[in-house]
Amino acid sequence: MYDFQYVKPANLYDAVAAMGSEDAQALSGGQTLTPTMKQRLAQPGTLVDLTGVPELKGIEVGPDSVTIKAATRHVEVERSAELRAAIPALVELASRIGDPQVRNRGTIGGSVANNDPSACYPAAVMALDGVVVTNNREISASDFFQGVYATALEENEIVTAVRFRRPDSASYQKFVQPASRFALTGVFLAKFGPEARVAVTGASENGVFRHAGLEQALSASFTAAAADPVAVSADGMIQDLHGTPAYRAHLIKVMTKRAVQACGG
Amino acid sequence: MPSVSMVVNGRQVSGEVEGRTLLVEFLREQLRMTGTHVGCDTSQCGACVVHVNGESVKSCSIFAMAASGAEVATIEGVANADGTLSVLQQAFQDHHGLQCGFCTPGMVMSAADLLKINPNPSETEVREWLEGNICRCTGYHNIVKAILSAAATLRGEAVAAE
Ligand SMILES: Cc1cc2nc3c(=O)[nH]c(=O)nc-3n(C[C@H](O)[C@H](O)[C@H](O)COP(=O)(O)OP(=O)(O)OC[C@H]3O[C@@H](n4cnc5c(N)ncnc54)[C@H](O)[C@@H]3O)c2cc1C
Ligand code: FES
Ligand code: FES
């Protein structure tokens, strides 16, 4: 790993200022960035540790929405009773990320900023009509996630929070890739009135996406059987040693049906 | 070089580090506390698990500077003050929870964190908790037995050694 200057600002103002220095990069839980730097795939000149910024921590549950600040760790989401009452599927999702030590460090801000094609949170942000809040704007989920490891973030921009709309019901079904513990394919389903939203992670070569066909079918009839006739194409699905495109396409439907059943449909 | 100070196993320590110095490097190479192991160096294996402010974390994926001012606990601090093994360590011995022993420091530190949060875990909970600790020797069964047995002992229940 190349050396760098480590700074740990104590408030958001100082963090934004520090991100303005040359080759600065944000450090949150470090569960992705540290291994990346060891491989020399990232070489920041200054690493701005965001975990000491109080404005970036906490969970706020409102009547229509839930806001999770960026430096909130997976373990805090997993153990939040308030959040479990509001959106239990989010708590379930966090509790199945990686392992306990990863959850003790990894954060939601790092997860969405990284936009790993197999990460769990991006699917939740898409399905729950989420908004990514930064130090200078709000970005809707569909504008934020722009393909594999690509997001709408400008250089030096800091994710400060993620806001989710509260659904009537929701479920995250993850088919675990047992070596990495990421999703081999995962489906986040959310229901808002008659509208069903189906977001898929781990499957597409273009990263997280919503499946229009499944959404249409489930919005018309919220039953597992309604998913059966929907064509899920294997075009553009990931091919690797863990699964073929056809296998992943098949999993999308299986995971969607399980999610519908978990939502009582 | 920036200097860093923290409390390790109750002792105030400090040293000069680079930004890139990992917590595990600070422990092993500067403090010469080599009980914490590096198995994979890619955040997968859990051989490097220590506690930072009471929570188990992988010390190969935290910079030493990020642990500045923290309370760190390592395997060297686990035994009783008189040098005898702690209940958890003794259970690993009694139940043959180790063979080569490479994963053991991480296993013990990870399990200690679990028993603090959940003094009465089910077998499934123990196995799920050990998701991030890889053992190439034992096949895990005896590690799980050791942790369940230590949990029972710590709850004050009588347990028969195997
Ligand atoms: C063994 C293992 C298993 C895992 N399993 C899963 C899994 O099952 N599901 C899953 O979803 N994830 C998994 N992860 C990833 C984990 O969730 C990471 O915590 C997450 O991807 C990154 O979060 P972080 O806080 O560690 O970010 P970091 O590693 O600190 O940062 C990641 C990237 O985001 C940037 N960044 C961080 N915070 C901000 C911010 N506030 N604003 C702007 N940019 C920012 C950094 O510059 C960096 O580029 C796993 C990781 C490991 C090591
Ligand atoms: S050495 Fe840290 S997880 Fe393997
Ligand atoms: S005892 Fe050898 S790796 Fe676990």
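A, B, ... follow the sequence lines: proteins, then strands. Residue 1 opens every chain.
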**Q** When you measure from the side chain of A:Asn104 to the backbone of B:Ser56, do you find a donor-acceptor pair of N or O atoms at a distance under 3.5 Å?
**A** yes
**Q** For the atom pair CG (A:Asp99) and NZ (B:Lys58), what is the distance rounded to the nearest 0.5 Å?
**A** 3.5 Å
**Q** Out of B:Asp113, B:Ile62, B:Leu114, B:Thr21, return the one with the most heavy atom pairs under 4.5 angstrom to chain A.
**A** B:Ile62
**Q** Restricting to non-hydrogen atoms, name the atom on B:Ala66 and the atom on A:Asp49 that form the minimum distance, rounded to 0.1 Å.
**A** CB-OD2, 3.8 Å
**Q** Of all heavy-atom pairs between B:Gly19 and A:Tyr6, which one has the smallest distance, and what is that distance?
**A** CA-CB, 4.4 Å
**Q** When rounded to the nearest 0.5 angstrom, what is the spacing between CD1 in A:Ile97 and CD in B:Glu131?
**A** 13.0 Å
**Q** Counting neighbours of CD on A:Glu155 that are heavy atoms of other residues, nucleotides or ligands and sit closer than 6.0 Å, is the number greater than 12?
**A** no
**Q** So which part of B:Leu130 gets closer than 4.5 Å to some heavy atom of chain A, the side chain, the backbone, both or neither?
**A** neither
**Q** Anything in residues 67-82 of chain A with a heavy-atom distance to chain B below 4.5 Å? Please list those residues in order.
**A** A:Arg73, A:Arg79
**Q** B:Met65 versus A:Leu47: any side-chain heavy-atom pair under 4.5 Å?
**A** no
**Q** In terms of heavy-atom proximity below 4.5 Å to chain A, should B:Asn133 be classed as side chain, backbone, both, or neither?
**A** side chain
**Q** Using residues 17-32 of chain A as the side-chain source, report each donor-acceptor pair under 3.5 Å to any protein atom, sequence neighbours left out, with the distance given to one decimal.
**A**
residue : atom : partner  : partner atom : Å
A:Ser21 : OG   : A:Ala18  : O            : 2.7
A:Ser28 : OG   : A:Thr107 : OG1          : 2.7
A:Gln31 : NE2  : A:Gly29  : O            : 3.2
A:Gln31 : NE2  : B:Ser61  : OG           : 3.2

**Q** Which heavy atom of A:Gln101 sits nearest to which heavy atom of B:Ser110, and what is that distance?
**A** NE2-OG, 3.1 Å
**Q** What part of A:Arg103 lies closer than 4.5 angstrom to a heavy atom of chain B: side chain, backbone, both or neither?
**A** neither
**Q** Taking the side chain as every heavy atom from C-beta outward, state whether B:Ser68 and A:Lys8 have any pair of such atoms under 4.5 Å apart.
**A** no
**Q** Measure B:Val57 against the heavy atoms of chain A and call it side chain, backbone, both or neither at under 4.5 Å.
**A** both
